Amino acid sequence: MKKVKRKIIQIDEERCDGCGQCVPACAEGTIAVIDGKARIVADNLCDGLGACLGECPNGALRIIEREAEEFDETAVEKRLAEIEKASAKAEPAAMPCGCPSTHIMEFGKARPCPESTPGKIEPAVKSELTHWPIKIRLVPPDAPFLKNADLLVLADCAATACPELHKNLLKGRVVMMGCPKFDEVQAYVDKFEQICRNGGIRSITTVIMEVPCCSGLNGIVRKGMEASGKNIPLEEIVIGRRGEVVERRKVA
């Protein structure tokens, strides 16, 4: 294909931490996280308008002028169709083996966990988990426990780091967990769009770690909510590496 001198996005790999916040910001599907870094899939997919620029927390994106293939709307349509097809395939179905992770369960009232060490007196810890599954990828958008729920969107690492998870964060909420760095970003955005549009969600609380790659989860939830056209109360909580709450903010 003929190359012309035009404006196009450039990604600084040294600054990029692979958080993926730029991926849903690109309506053409130009950017993907590959091997832990955001990369341009093909030059002819980038229109050079820079809609993704404000999404990178590390300033790894900028517009430059260089020799590149011309922007191709037909190629963009093909790329978006491929992304949609891949997202559809990512939705898991119930496995013939009867894997519990694919079956929806509601537990009812929370109950104390049994003591883990026989013969040793330990304080009972009350589990606030009321449903299954909990992984973002495995929870269907029409799961009954999502109806009129207060939703807790939890980064995988935060669940291990935060000692007050069940007592202060999970109580009274439905939880969905995932990793914005290693999971499929666009599939997550699409799922939260469906959940926000159809689930009657009352509120959303996101809990992430203070590490940069974790911040992509906030962007995913925001993009999904924006695409749904719903205005749902959103609170974002940041957990430190030792489990302390380092930031808590309401998002209008």
Side-chain angles (χ1 to χ4, degrees), residues 1-90 136-137 153 155-157 178-193 206 208-229 236 238 247 249 251:
M1 186 177 290
K2 181 182 176 181
K3 290 188 176 183
V4 297
K5 193 170 185 179
R6 68 179 183 90
K7 292 181 178 179
I8 193 169
I9 289 294
Q10 183 182 64
I11 302 173
D12 186 336
E13 288 197 10
E14 291 187 2
R15 290 189 175 188
C16 176
D17 60 18
C19 74
Q21 289 196 56
C22 55
V23 176
C26 178
E28 292 75 30
T30 309
I31 304 174
V33 177
I34 302 171
D35 297 328
K37 297 287 183 178
R39 305 181 193 278
I40 293 178
V41 176
D43 286 354
N44 65 345
L45 299 175
C46 179
D47 58 13
L49 297 178
C52 56
L53 291 180
E55 302 298 327
C56 181
N58 301 317
L61 306 178
R62 65 176 182 142
I63 293 179
I64 63 168
E65 195 168 319
R66 66 170 172 85
E67 292 279 328
E69 294 177 353
E70 291 183 318
F71 177 63
D72 187 343
E73 290 186 6
T74 302
V76 169
E77 291 176 2
K78 182 179 178 181
R79 168 66 177 165
L80 294 178
E82 291 172 350
I83 293 174
E84 185 176 355
K85 186 177 180 181
S87 296
K89 286 184 177 180
I136 296 173
R137 188 182 172 202
V153 183
D156 286 342
C157 296
C179 176
K181 185 167 185 176
F182 295 110
D183 296 341
E184 178 56 50
V185 172
Q186 189 58 51
Y188 276 16
V189 172
D190 293 343
K191 178 162 289 189
F192 282 115
E193 176 186 355
T206 61
I208 65 171
M209 296 294 293
E210 62 181 340
V211 294
C213 60
C214 215
S215 62
L217 192 60
N218 289 339
I220 288 169
V221 172
R222 290 187 191 186
K223 289 292 180 182
M225 188 192 302
E226 289 173 8
S228 74
E236 296 175 345
V238 181
E247 188 177 357
R249 55 182 176 261
V251 180

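The chain is numbered in sequence order, starting from 1. Please read all numbers here as calculations on a predicted model, not as lab measurements.
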Inset, instruction - Not counting sequence neighbours, which residues clear side-chain contact (heavy atoms from CB on, under 4.5 Å) with E77? List them please. - result: none
Inset, instruction - Check whether any side-chain heavy atom of F182 lies under 4.5 Å from a side-chain heavy atom of D156, and answer yes or no. - result: no
Inset, instruction - Could you tell me whether the side chain of R6 and the main chain of E69 form a donor-acceptor pair under 3.5 Å? - result: yes
Inset, instruction - With sequence neighbours left out, write down each residue that passes side-chain contact (heavy atoms from CB on, under 4.5 Å) with C22, or none if nothing qualifies. - result: I31, A38, C52, L61
Legend entry - Minimum heavy-atom distance between P24 and V189, given as atom pair plus value: CB-CG2, 3.6 Å
Legend entry - Heavy-atom neighbours of E14 CD exceed 12 at 6.0 Å: no
Legend entry - Distance (rounded to the nearest 0.5 Å) between D17 CG and S215 OG: 6.5 Å
Inset, instruction - Report the residues that fulfil side-chain contact (heavy atoms from CB on, under 4.5 Å) with E13, sequence neighbours left out, ordered by chain and then residue number. - result: R39
Legend entry - Spacing of CD1 belonging to I83 relative to NZ belonging to K78, to within rounding of 0.5 Å: 13.0 Å
Legend entry - Any side-chain heavy-atom pair of N218 and Q21 under 4.5 Å: no
Inset, instruction - Compare all side-chain heavy atoms of E236 with those of R222 and state whether any distance is below 4.5 angstrom. - result: yes
Inset, instruction - Could you tell me whether the side chain of I63 reaches within less than 4.5 Å of the side chain of I8, counting heavy atoms only? - result: no
Legend entry - D47 and its side-chain contact (heavy atoms from CB on, under 4.5 Å) partner, picked from E28, E73, K7: E28
Inset, instruction - Measure the spacing between CD1 of I9 and CG of D43 and express it to the nearest 0.5 Å. - result: 11.5 Å
Inset, instruction - Determine whether more than 12 heavy atoms belonging to other residues, nucleotides or ligands lie under 6.0 Å from atom CZ of R66. - result: yes
Legend entry - Check: C157 and C214 side chains under 4.5 Å, non-hydrogen atoms: no
Legend entry - Expected output: side-chain K37 to main-chain C16 donor-acceptor under 3.5 Å: yes
Legend entry - R79 bridged to D72 by N-O distance under 4.0 Å: no
Legend entry - Test item: N58 side-chain N/O and A60 main-chain N/O as donor-acceptor pair under 3.5 Å: no
Inset, instruction - For side chain to side chain contact (heavy atoms under 4.5 Å, CB included), just list the numbers for L217 and I136, CA-CA rounded to whole Å, side-chain angles, deciding distance to a tenth of an Å, and then say yes or no. - result: CA-CA 11 Å; L217 192 60; I136 296 173; 4.3 Å; yes
Legend entry - Exercise: identify the closest heavy-atom pair between N44 and A75: ND2-CB, 3.6 Å
Legend entry - Donor-acceptor contact present, side-chain T30 to main-chain L45, <3.5 Å: yes
Inset, instruction - Would you give the length of the straight line joining atom NZ of K223 to atom CD of Q186, rounded to the nearest 0.5 angstrom? - result: 10.0 Å
